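Comments concern the structure below.
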Amino acid sequence: MKRKLNQDDTPAAAPELEKKKKTSDSPEKKQEPEPELSFAELGLDPRLVQAVAKQSFEKPTLVQRKAIPLALQGQDVLCKAKTGSGKTAAYVLPILSSILKRKTTDPAPFTAGLILVPTRELADQVYKAIEEFSAFCAKDIQPAKLTDNVSDAVLRSLLANVPDIVVSTPARAWKSVESSALSLSKLQFLVLDEADLVLSYGYDEDMENLSRSMPKGVQTTMMSATLSSELDTLKGIFCRNPTILDLNEEFGAEDEKLTQFYVKCGEDDKWLISYLVFKLQLIKGPCLIFVADIDRSYRLKLFFEQFSIRSCILNSELPINTRIKVIEEFNRGIYDIIIASDEKSEVFGDEAADKEGEAKKEPKGGEDSKQNKKKQKSKKDDEYGVSRGIDFKNVAAVVNFDLPTSSSAYTHRIGRTARAGRAGIAISFVIPKDLYGKHKPTSIKSSENDEKVLAKITRSQAKLNRKLEPYNFSKSQMEAFRYRMNDALRAVTKVAIREARTKELRQELLRSETLKRYFEENPHELSHLRNDGELGRTTRQQAHLKHVPDYLLPKEGKKALTPQDIGFVPFRKVEKDKKHRKGKKPGRSFKVGGRKDPLKTFKVRRKK
Ligand SMILES: Nc1ncnc2c1ncn2[C@@H]1O[C@H](COP(=O)(O)OP(=O)(O)OP(=O)(O)O)[C@@H](O)[C@H]1O
């Protein structure tokens, strides 16, 4: 029978833990704070503790404190913990520790661990995490990932080495099992990361096939920030009497370093506001902008290019290597703005939310859903996804340029900022019902029910002790910029978008096949050419839009702030920022959760 784990019944995995654990079950003692255990006290192999220290992890996070001892005891765990709370280490470390322990008595090679993730981007990230955690025991731990673009022959030879742990999407794992390249006959550990998404991605058949290829009694861990009833299916297939950890409830408002805003505005206003926010650098630091589809991502990029705002794109049409490079380079600080199309959340988001019991399902087979599913059959990679699990580093702000259509998709998107105890902000544009469809050139179907979705989001965030606040822009100050916005929008025609889209793909293919070696030796040239080069050379270029003349900026500057405004962004740039940018890459002077706080650079006033 399942049981819910509470604060005090985490089983001890090591004598140290036992010593620190409270002995009494009396109600008063239950209120006492949990002991702050170290990684060593969790019972992990010392080489892993060393690797964790090398990564500057001072102490385990809540999910690590709770889940690691359970996993080391051999229990199945179903864990719901907030985004960026360290779930990867929580499931990777105990598997590595158990394999290391077993190898001291039984060195025979076999694949003991299988980690299944919904996307190839996430597989790459988890694989890298395994490499980092096994830095001091690399000869004893051999991981493999099955999501690279390699031939079957290469994959076979990789698996012929009998890796200890395999990271894959379900489809690719099953393909390898089916072809007998991978054997799961001795599997001991199975992890489903972003478990609720695994079924949504259409992996049900692969999951069932995989389950039949595994021995009985495989220890299973399922992780996600949002667990829905899809888990019942997975639980039924994989779990033996799992312990359920619902840790979202244990986060208090005081733990919260994420500030959430929404902006209610017209369809064209979101283009105008985005132009102003990014041109005047009102948001400092790395920023992720989510849009609803691929065309929209190119459109926004081309629109920004009109104003010399540089950004790069992530979408399911780009080859996996490019996608991973974009993420890596963003994390290394080469780019400040990623425009990511979040097509998956648009297709599957409502299902997830409905199963959480938060919303009524919209009729299946609606126009959008048909269109999206049809589109998916094109050149898109079905195993693409960046709103889930990807550890974008130091993201100052997530902007939902297009609101997702479900609260769970929202939770995962905004979870790309304020990770690992850092601060961050999320800003979401919401189109009120009466303004929907009023500006045809910028209207998008997914915005039709923005207000309803916002209500769902507000409710689900309230359950996490979080709230969204309205963000007001000074309409009068914005107006001076509207003709520029319109000029730029007119230049970004459908033809220009189509050309940019095909050009980008052609370039990718060309580079990856003929110039591979050259660019391996000159990675910087590759990144410049590939990702932040201007796509819009076929778009009409308008020199006057590239800079902001002083006469357009309000004279009052900061003084324009009034106590009545709830979230006013002053349009005049502050001197300090200019000084800061001198000699440095724009936006890179800022660190979230470090010396500078985005909330201090993003001016907001609250109602007194
Ligand atoms: N104990 C720790 N101390 C400090 N940083 C940590 C610790 N554990 C993990 N981190 C860092 O926190 C970040 C988020 O971790 P991770 O990606 O595992 O989060 P997650 O819970 O899986 O998020 P998501 O739900 O988005 O998948 C990573 O950069 C990771 O290196």
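In each ligand, atom 1 is the first atom listed, and ligand 1 is the first ligand listed. When reading the values below, keep in mind they use all heavy atoms of this one structure, side chains included, and skip hydrogens, waters and symmetry mates. Predicted, not measured: the structure shown is a model, and the values here were computed from it.
Counting only N and O atoms by type, the side chains of H412 and T83 include no donor and acceptor under 3.5 Å apart. E41 and S38 form a side-chain donor-acceptor contact under 3.5 Å, judged by distance and modelled atom types alone. At a cut-off of 3.5 Å, with distance as the only test, a side-chain donor of Y91 or D193 sits close to an acceptor on the other residue.
Taking only nitrogen or oxygen atoms, main chain and side chain alike, S56 does not reach within less than 3.5 Å of ligand 1. Backbone and side-chain nitrogen or oxygen atoms of K59 are examined, and one is located within less than 3.5 angstrom of a nitrogen or oxygen of ligand 1. The N/O atoms of Q64, backbone and side chain alike, include one that comes under 3.5 Å of an N/O atom in ligand 1. Taking only nitrogen or oxygen atoms, main chain and side chain alike, G86 reaches within less than 3.5 Å of ligand 1.
Atom 18 (O) of ligand 1 has T88 OG1, 2.7 Å as its closest protein atom, hydrogens excluded (heavy atom only). The shortest contact between atom 25 (O) of ligand 1 and any protein heavy atom is with K87 NZ, 2.7 Å. With hydrogens left out, the protein atom closest to atom 12 (O) of ligand 1 is A420 CB, 3.1 Å, a heavy atom. Regarding atom 13 (C) of ligand 1, its nearest protein heavy-atom neighbour is D391 OD1, 3.6 Å.
Atom numbering of ligand 1 starts at 1 in the shown order; those under 4.0 Å from a heavy atom of K82 are 21 (O). Each of the atoms 29 (O) of ligand 1 lies under 4.0 Å from some heavy atom of K393. Close contacts of ligand 1 with S85, meaning ligand atoms under 4.0 Å from a residue heavy atom, involve 19 (O), 20 (P), 21 (O). Ligand-side atoms of ligand 1 in range of R419: 14 (C), 16 (P), 17 (O), 19 (O), 20 (P), 23 (O), 24 (P), 26 (O), range being under 4.0 angstrom from any heavy atom.
Contact annotation: H412 has no heavy atom less than 4.0 Å from any atom of ligand 1. Using a non-hydrogen distance threshold of 4.0 Å, R416 registers as a contact of ligand 1. Residue contacts with ligand 1 do not include M223, since none of its heavy atoms lies under 4.0 Å from the ligand.
The heavy atom nearest to atom 23 (O) of ligand 1, considering only G415, A89, G84, is found in G84. Comparing F392, F39, F57 against atom 2 (C) of ligand 1, the shortest heavy-atom distance belongs to F57.
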Problem - side-chain hydrogen bond (donor to acceptor under 3.5 Å, both in side chains) between Y471 and Q260, intermediate numbers included - result: CA-CA 9 Å; Y471 201 111; Q260 299 178 59; over 6 Å; no
Exercise for the section: Check the pair D402, R296 against salt bridge (Lys or Arg N to Asp or Glu O under 4.0 Å), reporting the backbone distance first and the verdict last. Expected result: CA-CA 9 Å; D402 296 320; R296 198 101 162 147; 2.9 Å; yes
Practice task
Under the salt bridge (Lys or Arg N to Asp or Glu O under 4.0 Å) rule, what do R310 and D336 come out as? Steps first, then yes or no, please.
Solution key: CA-CA 8 Å; R310 287 154 76 93; D336 275 334; over 6 Å; no
Handout entry: Audit row: R413, D342, salt bridge (Lys or Arg N to Asp or Glu O under 4.0 Å) steps and yes/no
Key = CA-CA 9 Å; R413 281 190 190 180; D342 192 17; 2.7 Å; yes
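Comment: D124 does not engage R120 in a salt bridge, judged by the lack of any side-chain N to carboxylate O separation of less than 4.0 angstrom. Between K393 and D391 there is a salt bridge, since a side-chain N of the basic residue sits under 4.0 Å from a carboxylate O of the acidic one. A salt bridge does not link D206 with K175: none of the charged nitrogens is closer than 4.0 Å to a carboxylate oxygen. Salt-bridge formation is detected for the pair K128/E328: a Lys NZ or Arg NE/NH1/NH2 atom is positioned less than 4.0 Å from an Asp or Glu carboxylate oxygen.
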